[in-house]
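To start, the structure itself, in structure tokens.
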Amino acid sequence: MGISFYAPVIEDYGVVYGIFCMFVGDHLSGVQHVIMVLSGKGGVGKSTVATQIALGLRHEGKRVGLLDVDLCGPSIPRMFNLDHQDIHQCPEGWLPVYVDKDQKLAIMSISFLLENQNDAIVWRGPKKTAMIKQFLSDVVWKDLDYLVIDTPPGTSDEHISVVENLKSYNPDGAILVTTPQAVAVGDVRREITFCKKTHVPVIGIIENMSGFVCPNCSECTNVFSKGGGEALAKEFHVPFLGHIPLDPKLTQCLDEGKNFMEHYDKSPTLHAIEKVINTLVRIDRDLP
Amino acid sequence: MADVPENAPTRKGYFDNFAFNNHCPGTQSQDAGKVSACQGCPNQNICASSKPTGPDPAVQEISQRLSNVKHKVIVLSGKGGVGKSTFTAHLAHGLASNSEKQIGVLDVDICGPSLPRILGVEGEQVHQSGSGWSPVYVDDNLSLMSVGFLLSSPSDAVIWRGPKKNGLIKQFLRDVDWGDLDYLVIDTPPGTSDEHLSIAQYLKEAQIDGAVIITTPQEVALLDVRKEINFCQKVGLPIIGVVENMSGFVCPKCKTESQIFPPTTGGGKKMSEDMKVPFLGSLPLDPLIGKCCDEGKSFLSEVPDSPATKAYISIIKKIENHCSQTLAARETDTGETTS
């Protein structure tokens, strides 16, 4: 009874929404490159890598957008010290939060929509999927050179939704982040299968937290072993983008929302990140 | 009981989004999908059509199946990669060091099952018998069930949306033949979503002893862990306490301790105080722990005299104590109601 009554309403909504999308919801067509940061494993540094890539690309003079689709654990706003920013709405859609005055780096995250930072987003899949759809269709990115998408760990709702909704925009591909130990590499192996099955090109693999140099005696310890990511890249014939060593200063900068690149320009960790960014900028040139 | 209004975060500022609609009646409501607030919500169709009639019969079946399990402990964290599975495995090893006790481990991380490797039983098969799925035995008194055993190759990805994951979790809880267990330790994926809601929902009648929440010291991790504590409070899951993992690294050469993940905002201890939950202790970062996990060995028996082992044992003791206290409380409770 209830269904037959409501069915026409849903159909109407669908049509209206479709027309709406044709005129308004197509904010991604002005985006040159879409890069996803993925990992099957949590806590390997996806958000850290996404943040550093966004900052690095901006440093190269690009216009960058950073979308955080980790709905249950958004970390990006904290890493830019934007905890208490608000999202505003304009007739075209949602305006992202800009990190800088000249609006070269725009950020969108669910955290901006929460009243209280400790609020948990206790949502099942369909609600997450709809939210991601809205993030991808309603955010007014304007003209971007790069849109970097940071994802939660796994191969589930969020990932399927992002890939499905981006299909018509030909995303450049995914950067996979891993840590060196076998337990993490095992999960990232599954993520490669995910990319293959969903036809997302793998730009390359980054091995994060690879080695820690003791600040006292300069002895390098492989806290989470070493070489796992590199071996994985070889096994699946995908490019290896480099080792990023552990640096407590990086964690500290991210906790405090400071720009690591400006504060510690001699760190070997920074060199490793720069190498990755050079690869990404090269993608730009390689394209017709 | 309407589940969404309690859980729905309040909306901030002015923007249009159905998900923050504070008038959502909740998926369990009689009016789900039918009130004016539902119009325009993508879930309306699902809510209006697939109305469950009465409680899910599985909840009863699950509490029946798990009635021979004395203690159920859930390991949670909002953040990924903080060591949930590592802690789960070592909690299980620690509890199983008493050969009188029977321990079961359930891995509900469907997309990233790591426990088969950490417990050294990768590549094993699950067998089916008349009484259900038999878990894989790591030791005489330690068994494990994981989606990892159901995959044909280690590179297989489980690309599933929520409902399918929930279906498998239900099966894990209902159909695994654990036998008599003293402890069932449940390892979860990061977040506060399908898997967590399902576990809390399905085990509602089966009496969970509590959740152990794992964190690392840096603020970016604590940010997500606070959300997880918030989740526990919302769904009524008791919290046994917080464990801070990876706190402090001792250089093997010069023995200087460094903070690889600096506790810029006071770390897990301060957070526990702020959130008014017990703090169970800190575990140092020892490269050998990761190595043992990769090789599927128990760090506790491989390196029995390390400071990390001692820290582990003291935390496991606290969890055991908590569990025996809740059991005693439960027995007096039921004693009072029956007499």
Side-chain angles (χ1 to χ4, degrees), chain A residues 2-3 6 9-10 13 40-44 72-73 75 78 86-87 89 94 113-115 118-127 130-131 134 152-157 160 181-183 186-187 189-190 193-194 197 212 214-217 219 221-225 246 248 251-252 254-256, chain B residues 7 9-10 12-15 17 19 34 39-40 42-46 48-49 78-82 111-112 114 117-118 154-157 159-162 190-194 197 218-220 223-224 226-227 230-231 234 249 251-254 256 258-262 264 285 287 290 293-294:
Chain A
I3 303 165
Y6 275 99
V9 180
I10 297 165
Y13 175 76
K41 180 89 190 136
V44 294
C72 293
S75 334
R78 175 86 202 189
D86 290 346
I87 292 296
Q89 190 154 32
W94 291 352
L113 309 179
L114 296 179
E115 183 95 74
N118 293 350
D119 268 352
I121 298 276
V122 188
W123 292 352
R124 289 192 182 267
K127 231 171 161 180
M131 185 81 214
Q134 204 169 6
T155 51
S156 190
D157 289 287
I160 304 172
Q181 76 272 40
V183 174
D187 285 351
R189 187 185 289 270
R190 294 186 248 275
T193 311
F194 171 83
K197 281 197 179 158
F212 170 71
C214 175
N216 186 37
C217 66
E219 165 90 357
T221 312
N222 294 319
V223 181
F224 302 107
S225 110
L246 269 171
T251 316
Q252 198 168 354
L254 293 167
D255 269 5
E256 289 162 4
Chain B
N7 297 342
T10 46
K12 180 177 92 169
Y14 172 74
F15 57 92
N17 175 264
K34 293 177 190 165
Q39 290 191 20
N43 299 329
Q44 185 186 14
N45 219 347
I46 308 165
S49 58
K79 181 87 189 138
V82 293
C111 294
S114 340
R117 175 178 276 265
I118 296 179
S155 348
D156 262 6
I159 308 173
W160 287 357
R161 289 189 181 269
T192 50
S193 191
D194 285 288
L197 276 171
Q218 77 273 39
E219 173 59 25
V220 179
L223 210 60
D224 294 349
R226 286 194 198 99
K227 289 178 197 286
N230 196 295
F231 166 84
K234 275 179 177 168
F249 166 73
C251 175
K253 195 175 165 201
C254 68
T256 314
S258 332
Q259 300 294 334
I260 294 193
F261 302 107
T264 52
L285 189 55
C293 287
D294 276 2

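In what follows, chains are A, B, ... by sequence order, proteins preceding strands, each numbered from 1. Basis for what follows: all heavy atoms, side chains included, without hydrogens, waters or symmetry-related copies. Predicted model only: the values in this text are computed from it and were never measured.
A donor-acceptor pair is defined here as one N or O able to donate and one able to accept, closer than 3.5 Å; such a pair exists between the side chain of D194(B) and the backbone of G125(A). Between the side chain of N216(A) and the backbone N or O of T256(B) there is no donor-acceptor pair closer than 3.5 Å. Under the 3.5 Å distance criterion, the side-chain polar atoms of D157(A) are left unmatched by any main-chain donor or acceptor of R161(B). When atom types are taken as modelled, the side chain of T251(A) and the backbone of F261(B) share no donor-acceptor pair closer than 3.5 angstrom. With hydrogens and angles ignored, the 3.5 Å screen pairs a side-chain donor or acceptor of N230(B) with a backbone N or O of N118(A).
At a 4.5 Å heavy-atom cutoff, the contact between Q259(B) and chain A is made by backbone atoms alone. Neither the backbone nor the side chain of V82(B) comes within less than 4.5 Å of any heavy atom of chain A. There is no contact between P152(A) and chain B, counting heavy-atom distances below 4.5 Å. With a 4.5 Å cut-off on non-hydrogen atoms, S156(A) touches chain B through its backbone and its side chain both. Only the side chain of D187(A) comes within less than 4.5 Å of a heavy atom in chain B; its backbone stays farther off. Heavy atoms closer than 4.5 Å to chain A are found in both the backbone and the side chain of P262(B). In this structure, the portion of F249(B) lying under 4.5 Å from any heavy atom of chain A is its side chain and not its backbone. Contact annotation for I159(B): both backbone and side-chain heavy atoms come within less than 4.5 Å of a heavy atom of chain A. Interface remark: L285(B) contributes side-chain atoms only to the contact with chain A (heavy atom separation under 4.5 Å). With a 4.5 angstrom heavy-atom cutoff, S258(B) touches chain A only via side-chain atoms. For D224(B), the part lying near chain A is the side chain, with the backbone staying farther off; criterion is any non-hydrogen pair under 4.5 Å.
Ranked by non-hydrogen atom pairs under 4.5 Å with chain A, the options P154(B), S114(B), S155(B), C293(B) are led by S155(B). In terms of heavy-atom pairs under 4.5 angstrom with chain B, the leader among N222(A), L254(A), V183(A), L246(A) is V183(A). Options Q252(A), E256(A), E219(A), K41(A) differ in how many heavy-atom pairs under 4.5 Å they form with chain B, and the most are formed by E219(A). Interface summary for chain A: among D156(B), T264(B), V220(B), I260(B), the most heavy-atom pairs under 4.5 angstrom belong to I260(B). When each of C251(B), G290(B), G191(B) is scored by its heavy-atom pairs under 4.5 Å with chain A, the top score falls to C251(B).
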Candidate pair L113(A) and W94(A), rule side chain to side chain contact (heavy atoms under 4.5 Å, CB included), full reasoning: CA-CA 11 Å; L113(A) 309 179; W94(A) 291 352; 4.2 Å; yes

Go through F231(B) and L197(B) one step at a time and tell me if the side chain to side chain contact (heavy atoms under 4.5 Å, CB included) criterion holds. CA-CA 9 Å; F231(B) 166 84; L197(B) 276 171; 4.2 Å; yes

Are I160(A) and T155(A) close enough, and set up right, to give a side chain to side chain contact (heavy atoms under 4.5 Å, CB included), and what steps lead you there? CA-CA 7 Å; I160(A) 304 172; T155(A) 51; over 6 Å; no

Give the intermediate values and the outcome of side chain to side chain contact (heavy atoms under 4.5 Å, CB included) for residues K227(B) and V122(A). CA-CA 9 Å; K227(B) 289 178 197 286; V122(A) 188; over 6 Å; no

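Remark: Q218(B) CD to R78(A) CZ distance equals 11.0 Å, nearest 0.5 Å.
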